[in-house]
Amino acid sequence: MKISEIYSKANKPVFSFEIFPPKTIEGDYKLINTVSELKKLSPSFISVTYGAGGSTKDKTIDLCESIQSQFQIPTMCHFTCVGASSIDVKATLKIIESKKIENVIALRGDPPKDQGVFIKHPMGFANGTELIEFIKRENFSFCLGGGCYPEKHPDSPTLDDDIRFLKKKVEAGAEFLITQLFFSNQLFQKFRDKIKLAGITVPIIPGIMPITSFSQIERFRGMANCQIPDDLVAELEALKDHPVEFLDKSIQFTVSQCKELLSMGVSGIHFYTLNQSRATIEIMKSLI
Ligand SMILES: Cc1cc2nc3c(=O)[nH]c(=O)nc-3n(C[C@H](O)[C@H](O)[C@H](O)COP(=O)(O)OP(=O)(O)OC[C@H]3O[C@@H](n4cnc5c(N)ncnc54)[C@H](O)[C@@H]3O)c2cc1C
């Protein structure tokens with residue numbers, strides 16, 4: 001089923017989950033168990049990430065296919081164009097299409113760590129918008145989503161510039177946008193206000209992730225460019241040597257964050273599960 005249809009027909013919030021392709025066979029087995037647990041929450045769809053630089057291409061596509069066939073859950077395939085020519089992109093999309101995967105989130109991707117800045121392939125694409133334009137031009141019938149950044153994409157000089165480009169992404173064919181993870185609903189609301197002013201009307205879906213260990217805090221701040229409220233950091237720091245209480249506190253924060261987002265009228269929430277079911281199940285139990 002197409003995600004655009006899921007959002008347009010839903011008469012209640014749409015909950016969906018992101019997983020990533022494991023690197024080990026043990027991880028594969030664990031993931032089957034995680035997906036079985038997550039299925040009990042009746043997710044509207046599950047998305048599978050595309051490893052940096054397309055490193056998990058086959059596994060991402062295979063996982064989407066098997067989740068659809070084994071669990072009857074619609075999937076969304078993440079797809080990036082780092083280091084890929086338009087010929088490579090087209091070939092991969094043909095494979096995705098042949099597996100009856102109807103939804104793709106089309107992303108630029110991050111540059112390799114030693115490269116620093118993103119350099120487009122000479123026969124490829126400079127950003128997510130160019131990728132979406134190409135997918136449409138080639139007449140693929142995927143329902144296309146895109147990424148968005150309530151606290152600004154790190155390469156962008158200002159949030160206003162980023163939103164100007166986001167408008168082009170929607171005009172090119174993105175039917176919904178999923179956010180980078182964030183912890184401040186206030187910043188998300190400011191972003192939504194700007195999006196509205198820019199005339200963007202597609203669903204903007206918060207991407208939410210509970211903090212499951214203290215070391216994640218610095219990583220999120222660096223990688224995802226996101227602010228974490230000082231009082232939450234202080235509370236979690238006090239519990240950093242008590243994993244059970246730490247997770248409980250973090251889940252409590254995420255539940256109130258999600259409840260507030262739902263009261264703000266978001267169309268749904270996409271949970272970054274990190275292939276773990278426990279935190280997501282606990283949070284969802286308080287929401288449904
Ligand atoms: C929901 C979500 C899922 C993700 N999943 C994955 C994944 O599975 N695998 C992975 O490797 N990465 C993933 N990422 C990370 C993503 O690939 C990176 O954040 C990447 O740096 C940006 O990709 P994008 O398509 O979102 O950004 P883009 O829309 O391409 O924007 C990137 C930068 O270019 C600028 N820009 C955009 N359009 C133009 C234009 N027309 N002219 C000039 N500048 C422009 C933007 O302002 C921004 O600064 C995900 C991100 C999100 C939000």
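Whatever order the structure lists them in is the order used to number ligands and atoms, beginning at 1. Given the structure is predicted, the values throughout are model-derived calculations rather than measurements. No hydrogens, no waters, no symmetry mates; every other heavy atom, side chains included, goes into these values. Each residue takes its place number in the sequence, starting with 1.
Scanning the protein heavy atoms around atom 47 (O) of ligand 1, the nearest turns out to be D162 OD1, 2.6 Å. The nearest protein atom to atom 49 (O) of ligand 1, hydrogens excluded, is given as H153 ND1, 3.1 Å; this is a heavy-atom distance. Summary of contacts: the protein heavy atom closest to atom 9 (N) of ligand 1 is Y50 O, 2.7 Å. L107 CD1, 3.5 Å is the protein heavy atom nearest to atom 4 (C) of ligand 1. Among all non-hydrogen protein atoms, the one lying nearest atom 37 (C) of ligand 1 is F165 CB, 3.6 Å.
The atoms of ligand 1 that sit less than 4.0 Å from any heavy atom of D110 are 17 (O), 18 (C), 19 (O), 20 (C), 21 (O). Atoms of ligand 1 lying under 4.0 Å from any heavy atom of Q180, numbered from 1 in the order shown and given with element: 53 (C). In the vicinity of S156, heavy-atom distances shorter than 4.0 Å reach the ligand 1 atoms 47 (O), 49 (O). Within ligand 1, the atoms closer than 4.0 Å to a non-hydrogen atom of I178 are 1 (C), 53 (C), numbered from 1 in the order shown. Atoms of ligand 1 found under 4.0 Å from any heavy atom of T80 (numbered from 1 in listed order, with element): 9 (N), 10 (C), 11 (O). The contact set between ligand 1 and D155, taken as ligand atoms under 4.0 Å from a residue heavy atom, comprises 49 (O). Annotation for ligand 1: atoms under 4.0 Å from non-hydrogen atoms of T49 are 8 (O).
Taking distance alone, with nitrogen or oxygen atoms compared against 3.5 Å, R108 approaches ligand 1 more closely than that limit. Ligand 1 has a nitrogen or oxygen under 3.5 angstrom from a nitrogen or oxygen of H78.
Residue G109 places a heavy atom under 4.0 Å from ligand 1. In this structure, Y272 has a heavy atom closer than 4.0 Å to ligand 1. Taking a 4.0 Å cut-off on heavy atoms, D161 fails to register as neighbouring ligand 1.
There is no protein heavy atom less than 4.0 angstrom from atom 31 (O) of ligand 1.
Put simply, the residue from I105, L107, L93 that forms a side-chain contact (heavy atoms from CB on, under 4.5 Å) with F79 is L93. Residue H270 is tested with F17, Y7, F45 for a ring-ring contact (aromatic ring centres under 6.0 Å, His included); the sole match is F45.
F253 and F183 have tilted rings, their planes meeting at an angle from 30° to 60° on a 0 to 90° scale.
A cation-pi arrangement, defined by a distance under 6.0 Å to the six-membered ring centre and an angle within 45 degrees of its axis, is present between R108 and F118.
Side-chain contact annotation: T212 with Q216, donor-acceptor N/O pair under 3.5 Å present. For the 3.5 Å distance criterion, the side chains of T158 and D161 qualify, holding a donor opposite an acceptor. N185 and Q189 are not linked by any side-chain donor-acceptor pair at a separation below 3.5 angstrom, with hydrogens and angles left out of the test.
Open room surrounds CD1 on I25; 12 or fewer heavy atoms of other groups in view lie less than 6.0 Å from it. For E138, the CD atom sits in a packed shell: over 12 heavy atoms of surrounding residues, nucleotides or ligands are nearer than 6.0 Å.
The stretch residues 227-242 participates, sequence neighbours left out, in no side chain to side chain donor-acceptor pair (under 3.5 Å) pair at all.
When non-hydrogen atoms are compared, ligand 1 lies under 4.0 Å from neither the backbone nor the side chain of F20. Looking at K169 against ligand 1, only its side chain comes within 4.0 Å, counting heavy atoms. By the criterion of a heavy-atom distance under 4.0 Å, the side chain of Y149, and not its backbone, is placed next to ligand 1. Here N127 has heavy atoms under 4.0 Å from ligand 1 in both its backbone and its side chain.
A distance of 6.0 Å or more separates the ring centres of F165 and H153.
S277 places no side-chain N or O within donor-acceptor distance of the main-chain N or O of T34, the cut-off being under 3.5 Å.
Note on E245 versus K249: no salt bridge recorded, every NZ/NE/NH1/NH2 to OD/OE distance being 4.0 Å or above.
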